[in-house]
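Worksheet: one structure, shown below.
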Number of protein chains: 2
Amino acid sequence: MPKRVDYDQRRREIGAALLRIADTRGLQAASMREVAAEAGVSLRLVQYYFRTKDELLLAGLGYLGEELSARVERHIPRPPTPRGMVTGTLTAVLPTDAEGRRLTRTYAAYYALALAEPKLAAQHGATYPDLLERFLANQIRSAQEAGDVDAAHDPATVAAGLLALTNGLGSSVLGGQRDGAAAQAILTYHLDGLFGGSRP
Amino acid sequence: MPKRVDYDQRRREIGAALLRIADTRGLQAASMREVAAEAGVSLRLVQYYFRTKDELLLAGLGYLGEELSARVERHIPRPPTPRGMVTGTLTAVLPTDAEGRRLTRTYAAYYALALAEPKLAAQHGATYPDLLERFLANQIRSAQEAGDVDAAHDPATVAAGLLALTNGLGSSVLGGQRDGAAAQAILTYHLDGLFGGSRP
DNA sequence: GTTTATTTGATACGAGCGTATCATCAAACC
DNA sequence: GGTTTGATGATACGCTCGTATCAAATAAAC
């Protein structure tokens with residue numbers, strides 16, 4: 001028998017190379033050969049672990065989702081207050097540091113591809129923002145019950161608005177319109193308006 | 001001499017074909033040959049009017065900008081009230097109808113390309129959102145002077161927030177998370193909060 | 001130490017890409 | 001009315017793409 005290799009880890013390494021290219025040069029530049037070079041392996045190896053390019057792209061999207069989830073969880077404060085949960089989650093999605101910029105850029109690349117290839121979105125895409133939005137809506141409901149947020153607000157509407165605002169701010173950062181700190185400030189400005197007098 | 005042809009109009013026709021492809025199949029699918037086929041002309045003709053593909057892509061971005069500007073102006077109400085100007089401008093950027101969906105999708109395709117090819121953004125990209133944002137900030141300042149908006153707000157921050165919110169909502173519509181009407185409703189909800197008791 | 005299942009390497013194929021070249025057409029001008 | 005010149009057509013080149021094919025190397029099992 002041959003030397004045994006951790007199949008999943010090898011796939012992750014190659015997937016990471018793909019995401020690195022998507023971040024720095026866009027998914028248009030992510031050919032099988034370029035991914036192989038970036039991962040430091042042969043083209044044949046990429047083909048061995050991913051039968052087709054579509055399979056590679058789909059797996060890459062999965063890994064990106066994992067990275068995003070991990071980052072969001074890492075940004076949830078201890079102990080978890082309602083405002084802290086909302087602020088942390090949204091800040092995680094914002095490109096405020098190198099990792100955030102990388103993830104936001106990579107996500108944008110996949111988003112554009114999914115617009116043209118709906119099968120990508122169908123398999124994995126639309127669920128993630130939906131989850132995030134529902135999570136936020138629940139947090140806002142909790143904050144209302146704790147008296148930190150005006151009960152007149154509709155949690156789902158507020159959550160959708162906050163997430164859209166954050167995504168839009170992220171786009172403007174990637175577009176060079178402002179830096180991460182400025183985006184963060186605008187987000188905080190809105191959160192201050194939402195959470196009456198309570199401090200995070 | 002040969003039959004004289006309206007050079008600019010021909011370029012516009014070919015550019016329109018490019019934008020149509022960018023909308024329906026993404027810019028990855030926009031090869032010179034595909035653009036020629038979509039425009040119903042020969043490959044040579046596309047090369048004649050645009051020496052290189054980069055030139056075609058850049059011109060297409062210019063035409064897209066013109067279409068966007070025209071749509072925004074068309075959405076400014078008569079007579080122009082402060083809230084009407086802000087609402088109209090933001091609604092124009094939202095994919096609430098077929099034209100809006102087309103423009104937002106095409107813009108998203110260019111945005112993703114510009115992330116990977118900064119020269120595109122350098123020539124044309126970052127100026128447009130900036131103009132929009134400054135325009136909005138001025139409108140909000142006017143609304144404050146008219147007493148329609150709380151003077152405690154910072155116009156630039158509010159304008160940036162509104163535009164980011166609108167862009168984020170547009171992304172969620174393209175992503176299939178909600179339809180144009182729902183996005184519009186969320187935007188209106190925020191505008192209601194901003195413009196105290198005044199009606200549009 | 002041979003065997004053998006698994007992992008890696010080298011290379012080829014057909015298609016599509018951007019671009020360039022050469023030829024042709026048709027209308028305006030002298 | 002031939003000549004010039006802008007507009008169009010047909011085709012080819014070199015390259016990269018995704019994918020497939022054919023070997024070779026490797027290390028656990030006996």
Which of the following nucleotides, D:dA7, D:dT11, D:dT19, is nearest to the side chain of B:Leu43? D:dT11
Does the side chain of A:Arg10 get closer than 4.0 angstrom to OP1 or OP2 of C:dT8 through an N or O atom? yes
D:dT8 OP1/OP2 closer than 4.0 Å to side-chain N/O of B:Tyr48: no
A:Gln47 CD - C:dT7 P separation (whole Å): 16 Å
Sorted by number, the residues of residues 19-40 of chain A with heavy-atom contact under 4.0 Å to DNA chain D: A:Ser31, A:Met32, A:Arg33
Under 4.0 Å, heavy atoms only, any strand: does B:Tyr49 hit a base, just the sugar-phosphate, or nothing? sugar-phosphate
Rounded to whole Å, please give me the gap between CZ in A:Arg44 and P in D:dA25. 16 Å
Exercise: do B:Gln177 and A:Asp130 side chains pair donor with acceptor under 3.5 Å: yes
Tell me: CD of B:Glu13 to C1' of D:dA7, nearest whole Å? 14 Å
B:Leu45 side chain, from C-beta outward: closest of D:dT8, C:dT19, C:dT8: D:dT8
What is the distance, rounded to the nearest whole Å, between atom NZ of A:Lys53 and atom P of D:dC17? 8 Å
Nearest-Å distance, OH (A:Tyr7) to C1' (C:dA5)? 15 Å
So do B:Gln28 and A:Leu27 actually touch side chain to side chain, heavy atoms under 4.5 Å? no
Approximate separation, where rounding is to 0.5 Å, of A:Asn138 CG and A:Met85 CE: 9.5 Å
Atom pair distance, as rounded to whole Å: CZ in B:Arg51 and P in C:dA20: 10 Å
Determine, for A:Glu55 against A:Arg11, whether the closest basic-nitrogen to carboxylate-oxygen distance falls under 4.0 angstrom. yes
Less than 4.0 angstrom from a charged side-chain N to a carboxylate O is my criterion; do B:Asp192 and B:Arg83 meet it? yes
Just to be sure I understand the rule, does B:Phe50 reach a base, reach only the sugar-phosphate, or reach nothing, if contact means heavy atoms closer than 4.0 Å? nothing
Let me know the distance between CG of A:Asp6 and C1' of C:dT6, rounded to the nearest Å. 15 Å
Answer yes or no: is there an ion pair linking A:Asp23 with A:Arg105, defined by an N-O contact shorter than 4.0 Å? yes
A:Arg11 CZ to C:dT8 P, straight-line distance once rounded to whole Å: 14 Å
With B:Gln184, the side chain to side chain donor-acceptor pair (under 3.5 Å) member among B:Thr91, B:Asp179, B:Thr96, B:Thr166: B:Thr91
So does A:Ser42 get a side-chain nitrogen or oxygen closer than 4.0 Å to the phosphate oxygens (OP1/OP2) of C:dT8? no
